[in-house]
Structures are given as structure tokens and as C-alpha cells.
Protein chains: 2
Amino acid sequence: MDDALAFSALVLALSGQLVQEIHARVSQQGFEDLRPAHGFAFARISLGGATTAGLAEHLGVTKQAAAQLVEELVRKGYVVRHPHPHDARARLLALTETGWAATRAADQAAQTAVAPWREALGEARFSELVADLTRLTSPGPIRPAW
Amino acid sequence: MDDALAFSALVLALSGQLVQEIHARVSQQGFEDLRPAHGFAFARISLGGATTAGLAEHLGVTKQAAAQLVEELVRKGYVVRHPHPHDARARLLALTETGWAATRAADQAAQTAVAPWREALGEARFSELVADLTRLTSPGPIRPAW
DNA sequence: TCTTTATAGACAAGTAAGTTGTCTACCAGG
DNA sequence: CCTGGTAGACAACTTACTTGTCTATAAAGA
């Protein structure tokens with residue numbers, strides 16, 4: 001077979017489509033100043049205990065880039081910096097209520113975007129696919145495709 | 001269920017992984033001055049009849065961006081511009097022998113990158129998945145995820 | 001045939017989101 | 001208490017685009 005490139009292109013197209021769809025719905029809910037990358041920052045920050053440097057590693061960017069992103073999110077009111085209890089150099093990141101609202105909006109948008117796949121595959125095959133994805137996809141930084 | 005965001009993240013991670021793996025192998029074959037985006041340009045140009053403006057539409061970028069990309073590929077010896085037989089404004093794009101060699105390398109790299117999926121799913125389920133992808137993924141411009 | 005409108009591509013400048021490089025303040029292990 | 005490592009800030013630079021404008025050519029209608 002030689003549909004390997006086609007398969008890759010399709011997966012890339014699908015991921016782009018999901019990202020775009022989620023982003024569009026989140027924007028529509030009033031969060032127009034957020035970009036797709038912000039969602040992955042929110043996901044990390046919402047777990048608690050995140051610092052700028054930790055976020056940088058999670059996102060696979062330099063800490064300078066992460067610092068810029070955090071600064072932007074703070075300025076826009078989605079994130080606050082708290083003093084770190086055990087390290088005077090570091091700041092603990094946390095979501096504001098607005099940040100949580102955006103996170104909930106993204107979650108709902110993702111459900112809607114993924115719904116066609118759930119339907120098309122059926123719940124069983126969908127779960128299998130998720131399992132395969134979890135197994136075969138090496139856990140790495142969350143980054144745009146290139 | 002609320003694994004919709006997780007599913008999206010996994011698909012994104014997978015596409016990034018495929019792109020990176022293909023890119024790495026192509027680089028290793030001696031094409032170190034190519035980026036992932038170039039591959040999609042090659043794919044369009046190899047079909048024949050491509051112009052800069054047509055390429056721009058295919059890639060989902062402005063024609064200025066496409067012109068820069070073409071200029072770069074010409075400078076690096078992967079692409080040549082021929083006069084268009086019926087339109088004195090346009091130039092027909094074509095791959096050089098080096099361009100074809102890079103295309104073949106990418107194809108082979110994709111096979112290798114996709115092989116684990118073929119094995120894990122089995123040929124039948126893999127084909128089903130490709131069919132589902134083809135059906136559910138709206139044909140759009142080939143772009144990085146964001 | 002002439003005029004209008006659209007298109008291919010070039011040239012120039014601006015922008016977004018990263019990068020490298022350097023610095024200070026603070027931490028932790030010997 | 002010194003020495004090497006880390007968190008984050010500040011600055012300059014780079015890349016891969018963008019918008020805006022221009023000329024030459026094409027195509028279609030009066």
C-alpha cells in the first residue's frame with residue numbers, strides 16, 4: 001500500500017479541523033482573545049502546581065515563550081500569579097473564574113466537535129480508537145504540527 | 001463521557017508525531033533544508049499543472065506566502081519554473097530530479113511512520129479507519145494545526 | 001474593437017509567535 | 001559558605017507568515 005502519506009495528511013487535517021472547530025466555538029462564547037495554544041496552557045494550569053518553567057516544558061517551548069504566554073493570560077484576566085510557598089523565585093499559576101469559564105467552554109466545544117466521530121464509529125469502536133491512540137501516541141509536548 | 005478534549009489532544013499529538021517522524025527521516029536522507037510544509041507543496045506540484053497562485057489555494061496561504069515558498073524551493077534546487085503555454089502571466093511549477101528524490105524519501109518515511117498503526121490495528125481495521133477519516137474529514141487546505 | 005474587470009506574480013513593509021543570549025535573585029548540596 | 005543549578009525578567013533577533021500596492025496579462029461584454 002502507499003496510502004501512508006495520505007493517512008498522515010488525513011490525521012493532520014483532522015487535528016486541524018478539531019482545533020479550528022473548538023477554537024471557533026470558544027470564540028463564539030465570548031472568549032475572542034484566546035488562541036488554541038492557550039487551551040493547553042489552561043489544561044496544565046487547572047491541574048494546579050504549575051509554574052512558568054513547568055508550563056514551558058509541558059508545552060514544549062522555551063520558558064521565555066511560556067513567560068510571554070502567561071503574561072498575556074494574566075493581562076487578559078484568565079490567570080493569576082501567586083507566590084510559591086516553598087520557593088521565593090517561583091510563582092504558582094492559577095486560573096481566575098474567567099479562566100475556569102473558558103476551560104468549561106472549551107470542554108463543551110470539544111464534545112460537540114468530537115460528536116460526529118462518536119456517532120460514526122459507535123461508542124465501542126470509538127473507545128477502542130481512543131485506547132489505541134493512548135497506547136501508540138508517545139506522550140510528548142503539546143505543540144502545533146510544525 | 002468527557003474524553004472529548006483528551007481525544008482531540010491525542011489526535012493532535014499523533015499528527016505532530018507523524019509529521020515530526022517523517023520530517024526527521026527525510027532530513028536524515030540528506031534533505032536537511034526542507035520543512036514539513038514543503039512536503040505538501042511537493043505533493044501538489046508533483047501532480048503537474050501547478051502555479052504559484054494555485055499552490056497558495058492548496059496550502060491555504062496567501063499567494064505572497066506561496067511565492068516565497070516557491071522562491072525558496074527554486075533556490076534550493078527542488079523546483080523549476082517553466083513558462084505557461086497559455087498564459088503569459090503565469091509560470092508552471094515542476095519538480096527537479098532532486099525534488100522527486102525528496103518526494104520518494106517522504107513517501108518511504110511515511111510508510112515507516114505509519115507502520116506501527118497498520119500493525120496495531122490490522123489491515124482491515126486500518127482501512128476502515130482511513131475510510132472513516134476520508135469520510136468525516138472535510139477536504140480543506142493543508143495547514144499546521146494552528 | 002475598446003473598455004472594463006479579474007488574475008498571476010513581484011516588491012515592500014508590518015506582525016505574531018516564537019528563538020537565543022544575558023542577567024539577577026534564590027535554592028540546595030557538598 | 002561557597003559552588004553550581006534553576007525561576008523568571010529583559011532585550012534583540014528570526015521565521016513564516018500577513019496586508020497593501022504595483023505591473024502585465026487575460027477574458028468578457030458593450
Side-chain angles (χ1 to χ4, degrees), chain A residues 12 16 19-20 23 27 32-42 44-45 49-76 78-94 141-146, chain B residues 12 16 19-20 23 27 32-42 44-45 49-76 78-94 141-146:
Chain A
L12 181 63
V19 166
Q20 281 307 112
H23 179 241
S27 278
E32 297 168 27
D33 53 0
L34 289 178
R35 287 174 298 110
H38 296 145
F40 296 98
F42 282 24
R44 176 65 191 85
I45 296 172
T51 62
T52 296
L55 192 58
E57 192 176 0
H58 176 71
L59 296 176
V61 298
T62 59
K63 50 183 190 160
Q64 290 86 335
Q68 281 181 32
L69 194 148
V70 167
E71 172 57 31
E72 183 188 350
L73 291 179
V74 168
R75 200 183 60 239
K76 291 178 175 170
Y78 293 104
V79 169
V80 283
R81 283 181 277 232
H82 294 305
H84 194 290
H86 306 315
D87 189 338
R89 297 168 302 173
R91 324 280 311 263
L92 269 185
L93 304 176
I142 295 297
R143 301 232 33 197
W146 72 77
Chain B
L12 182 63
V19 166
Q20 280 307 112
H23 179 240
S27 278
E32 297 168 28
D33 52 359
L34 290 179
R35 287 174 298 110
H38 295 144
F40 296 97
F42 283 24
R44 175 64 190 87
I45 296 171
T51 62
T52 296
L55 192 59
E57 192 177 1
H58 176 71
L59 296 177
V61 298
T62 59
K63 48 183 192 163
Q64 290 87 333
Q68 281 180 30
L69 194 149
V70 168
E71 172 57 32
E72 182 189 351
L73 291 178
V74 167
R75 199 183 63 238
K76 291 178 176 171
Y78 293 104
V79 168
V80 282
R81 282 181 277 232
H82 295 304
H84 194 289
H86 306 315
D87 189 337
R89 296 168 303 176
R91 326 277 312 260
L92 269 184
L93 304 176
I142 296 298
R143 301 233 33 196
W146 74 75

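Chain naming here is simple, since letters A, B, ... match the order of the sequence lines and numbering starts at 1 in each.
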Gly49(B) and Arg44(B): which non-hydrogen atoms are nearest, and at how many Å?
O-NH2, 3.9 Å
Nearest atoms (heavy-atom pairs only) where His23(A) meets Arg35(A):
NE2-CA, 4.0 Å
Length of the CG-P vector between Leu34(B) and dA16(D), whole Å
12 Å
Spacing of Arg91(A) atom CZ relative to dA25(C) atom P, expressed in whole Å:
16 Å
Within residues 62-75 of chain A, which residues have any heavy atom lying less than 4.0 Å from an atom of DNA chain C?
Thr62(A), Gln64(A), Ala65(A), Gln68(A)
Show me the side-chain donor-acceptor pairs of residues 51-62 of chain B shorter than 3.5 Å, one per line, residues at least two apart or across chains.
{"unit_1": "Thr51(B)", "atom_1": "OG1", "unit_2": "Gly54(B)", "atom_2": "N", "d": "3.1"}
{"unit_1": "Thr62(B)", "atom_1": "OG1", "unit_2": "Ala65(B)", "atom_2": "N", "d": "3.3"}

Would you give the length of the straight line joining atom CG of Leu34(B) to atom CZ of Phe42(B), rounded to the nearest 0.5 angstrom?
5.0 Å
Contacts to DNA chain D from residues 80-89 of chain A, heavy-atom cutoff under 4.0 Å, which residues?
Arg89(A)
Arg35(B) has an atom CZ; how far is it from atom P of dT14(D), in whole Å?
16 Å
Distance-only donor-acceptor hits, side chain of residues 86-94 of chain A, under 3.5 Å, sequence neighbours excluded:
{"unit_1": "Asp87(A)", "atom_1": "OD1", "unit_2": "Arg89(A)", "atom_2": "N", "d": "2.9"}
{"unit_1": "Asp87(A)", "atom_1": "OD1", "unit_2": "Arg89(A)", "atom_2": "NE", "d": "3.1"}
{"unit_1": "Asp87(A)", "atom_1": "OD2", "unit_2": "Arg89(A)", "atom_2": "NH2", "d": "2.8"}

Considering residues at least two apart in sequence or located in another chain, which fulfil the salt bridge (Lys or Arg N to Asp or Glu O under 4.0 Å) criterion with Asp33(A)?
none
Atom CG of Leu55(A) and atom P of dA17(C): how far apart are they, to the nearest Å?
16 Å
Taking side chain to side chain donor-acceptor pair (under 3.5 Å) as the definition, give me every residue that meets it alongside Glu71(A), ordered by chain and number, with sequence neighbours left out.
Arg81(A)
Look up atom NZ in Lys63(A) and atom CD in Gln68(A), then write down how far apart they are to the nearest 0.5 Å.
13.5 Å
